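Structure, as structure tokens:
If you're wondering where the values come from, they're calculated on a predicted model, not measured in any experiment. Reckoned from all heavy atoms, side chains included, excluding hydrogens, waters and symmetry mates.
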Amino acid sequence: MALYFYNGDIAEGRKAAKKLYDVVSAEAIRAVLQAQDELIKSSPTLNRSGVILECTPKKAVAAVPLEATAYSGRGTAAEMSVFLFYADKAVDGLVQNTVRQWARFAAETAPASSASDGLCYGNLDPEAATSDASTVFGPNYKRLREVKRKYDPDNIFNKWHPIQPASLA
């Protein structure tokens, strides 16, 4: 884990952290931290929770055509992981709604390149068990269904963005 901290004025800090702010605005970071603070104030049992905002350069990954592999997260330079720890089942609904809200916020504020065409990095999808795999794999989904029909026609491997085998024509 890395924590960026600059001891100086905002202009100097932004210059020193230009790569970070090219990906995510200071306002977006501030909004996420404020939302986390409000969540913990509304439910103190979540006081051990956190948010990780990971900014990674993906120029080399984005240079590979989207159709070349199943990986669809080529254009996302910022990824957000939310860790909400709690023992009280009474806050389940609050936690699930918060994660969905923050995921929407991240998707709306993070710049996406045309390489990803709005697709996400599937391993960070909080709804992975029930989400539509075609939204994760985009234009590759049809080809993956053909591969699935050949190597796993009985759909034994059916967890985490399950791909349905293509029907026999």
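- Asp9 meets the side chain to side chain contact (heavy atoms under 4.5 Å, CB included) test with Ala11, Glu12; sequence neighbours excluded.
- The heavy-atom pair separating Thr69 from Asn140 by the smallest distance is O-ND2, 2.8 Å.
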Show your working on side chain to side chain contact (heavy atoms under 4.5 Å, CB included) between Asp152 and Asn155 and close with a plain yes or no.
CA-CA 5 Å; Asp152 186 22; Asn155 203 20; 4.2 Å; yes
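- Listed by first then second residue, pairs satisfying salt bridge (charged side-chain N to carboxylate O under 4.0 Å, His left out) with a partner in residues 86-96 number zero, not counting sequence neighbours.
- At distances below 3.5 Å, at least one donor-acceptor pair connects side-chain atoms of Ser49 with backbone N or O atoms of Phe85.
- Smallest separation of non-hydrogen atoms from Pro153 and Pro165: O-CG, 3.7 Å.
- Of the inter-residue distances, the one linking Ile163 atom CD1 with Phe137 atom CZ reads 4.5 Å to the nearest 0.5 angstrom.
- To the nearest 0.5 Å, the span separating CG on Leu94 from OH on Tyr86 amounts to 9.0 Å.
- The two atoms that bring Ala133 and Pro162 nearest to each other are CB-O, 3.4 Å, heavy atoms only.
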Can you list, pair by pair, the side-chain donor-acceptor contacts under 3.5 Å of residues 38-46, counting residues two or more places apart and other chains?
{"from": "Glu38", "atom 1": "OE2", "to": "Gln34", "atom 2": "NE2", "distance (Å)": "3.1"}
{"from": "Lys41", "atom 1": "NZ", "to": "Asp37", "atom 2": "OD2", "distance (Å)": "3.2"}
{"from": "Ser42", "atom 1": "OG", "to": "Leu39", "atom 2": "O", "distance (Å)": "2.8"}
{"from": "Ser43", "atom 1": "OG", "to": "Thr45", "atom 2": "OG1", "distance (Å)": "3.3"}

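- Annotation for Ile10: hydrophobic cluster partners, listed by chain and number, are none (ILVMFWY side-chain heavy atoms under 4.5 Å, direct or chained).
- Residue pairs that meet the salt bridge (charged side-chain N to carboxylate O under 4.0 Å, His left out) test with at least one member in residues 137-146, sequence neighbours left out, are Glu146-Arg149.
- Remark: Asn47 pairs with no residue by the side-chain hydrogen bond (donor to acceptor under 3.5 Å, both in side chains) rule, at least two apart or across chains.
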